[in-house]
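One structure is given here, and the rest of the page talks about it.
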Amino acid sequence: MRAVGYRKSLPITDPEALVDLDLPQPAPGPRDLLVKVEAVSVNPVDTKVRRRAEPEAGGAKVLGWDAAGTVVAAGAEVPGFAAGDAVFYAGDLTRAGTNAQFHCVDARIVGRKPARLDWAQAAALPLTAITAWETLFDRLDTGKPVPGAAPAILIVGGAGGVGSVAIQLARELTDLTVIATASRPETAAWCRDLGAHHVVDHSKPLAAEVAALGLGAPGLVFSTTNTDAHLAAIVELIAPQGRLALIDDPERLDVGLLKRKSLSLHWEFMFTRSMFATADIAAQGALLDEVARLIDSGRLRTTLGEHYGRIDAANLRRAHGLIESGRARGKIVLEGFSE
């Protein structure tokens with residue numbers, strides 16, 4: 001089968017950073033689905049793994065943790081799925097990635113593809129939808145008010161893949177005022193179009209930007225990027241006893257700053273459930289089914305930003321390059337393999 005991967009960690013400007021491969025087709029385990037991959041999207045985690053994780057000697061590593069596709073076969077212990085089903089999912093960081101014609105995935109973390117979306121539109125969503133959902137509802141517990149705080153949430157990095165879903169979920173499924181951050185006119189417009197009540201500029205003093213809205217101190221902050229750079233401002237602007245969640249990888253984070261306001265810190269890593277086969281691993285498949293229902297009812301929409309064409313090494317190198325530039329808006333999607 002055709003696939004894209006790498007044999008050595010290299011800068012994305014190197015033609016060997018991602019290469020086209022011919023690999024054996026995988027066989028599903030008892031809990032797996034074998035999926036014919038129709039479309040994939042690219043996430044920051046793809047670029048981080050490519051830069052940091054060397055493949056085994058003599059081998060190649062296939063990246064990709066978002067896919068939409070068609071079930072080819074189901075393992076003996078898989079209920080509820082059959083050949084021909086259209087699905088979408090984000091996969092498991094400890095297994096081979098989705099940048100391949102055929103892919104095996106634990107059926108418990110798979111959802112039914114939204115009927116109203118095409119393959120590319122659906123592939124844009126799983127990883128970011130799971131991350132945003134788990135952050136808002138499992139980590140930040142948005143249904144629990146912070147005493148005395150403005151009923152609002154600040155989403156730092158609203159135009160990124162996760163932020164783009166989080167804005168929609170917070171607007172549709174909570175009563176919170178949604179404040180997003182963006183630093184360019186086009187990304188600010190994107191956030192407003194997705195449903196943000198207010199957009200502030202994170203390239204300016206963030207606490208002053210939020211205070212100028214006149215809403216009071218928000219009780220919840222969801223930081224998707226550059227948390228270390230924004231932490232002091234977040235601590236200044238958030239209400240006492242507020243809750244801060246983050247998903248990025250700051251090299252250093254001075255958590256002592258949170259003590260004076262009794263702030264709580266919540267990490268979200270959407271691969272935790274699959275990596276540790278947690279007792280509630282099936283929650284990811286269930287939430288993807290709920291996301292699909294919300295899309296098919298018109299309450300959520302895809303966050304596809306750019307379509308980069310066929311799934312091949314050249315196009316994936318372009319996608320990695322844009323993500324590493326920090327200027328991506330929404331999700332980058334690729335669709336289909338050359339025959």
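Position 1 is the first residue of the sequence; numbering continues from there.
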query: Who pairs with Y89 by ring pair (Phe, Tyr, Trp, His ring centres under 6.0 Å), at least two apart in sequence or on another chain?
result: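 With neighbours one apart ignored, the set is H103.
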Does a side-chain N-to-carboxylate-O contact under 4.0 Å join [X] and [Y]?
{"X": "D228", "Y": "R252", "value": "no"}
{"X": "K259", "Y": "D254", "value": "no"}
{"X": "R273", "Y": "E134", "value": "yes"}
{"X": "R50", "Y": "E324", "value": "yes"}
{"X": "D312", "Y": "R310", "value": "no"}
{"X": "D20", "Y": "R2", "value": "no"}
{"X": "D32", "Y": "R95", "value": "yes"}
{"X": "K331", "Y": "D66", "value": "yes"}

query: Do S183 and D201 have side-chain atoms, one donor and one acceptor, less than 3.5 Å apart?
result: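 Short answer, no.
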query: If you measure only the distance, is there a donor-acceptor pair under 3.5 Å linking the side chains of T98 and W65?
result: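 Per modelled atom types, T98 and W65 side chains form no pair under 3.5 Å.
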May I have the list of side-chain donor-acceptor pairs in residues 154-163 shorter than 3.5 Å, sequence neighbours left out?
none

field: Least distance between heavy atoms, L33 atom then A74 atom
entry: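 In terms of heavy atoms, the two residues are closest at CD2-CB, 3.8 Å.
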query: Looking at CZ of F276 and CZ of F271, how far apart are the two atoms once the value is rounded to the nearest 0.5 Å?
result: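 Reported to 0.5 Å precision, the distance equals 13.0 Å.
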Inter-residue atom distance R116.CZ - T302.OG1, 0.5 Å rounding: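 Separation between the atoms: 11.5 Å.
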query: Which ILVMFWY residues can you reach from L304 by hopping between side chains whose heavy atoms are under 4.5 Å apart?
result: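 Result for L304 is V333.
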- prompt: Short question: side chain of D46, backbone of N43 - any donor-acceptor pair under 3.5 Å?
  reply: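 Here the side-chain-to-backbone pair exists.
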Hey, are the side chains of [X] and [Y] touching, using non-hydrogen atoms and a 4.5 Å cut-off?
{"X": "P250", "Y": "L246", "result": "yes"}
{"X": "P24", "Y": "M1", "result": "no"}
{"X": "L125", "Y": "I295", "result": "yes"}

field: Stacked cation flag R317 on Y308, 6.0 angstrom / 45 deg
entry: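 No cation-pi geometry.
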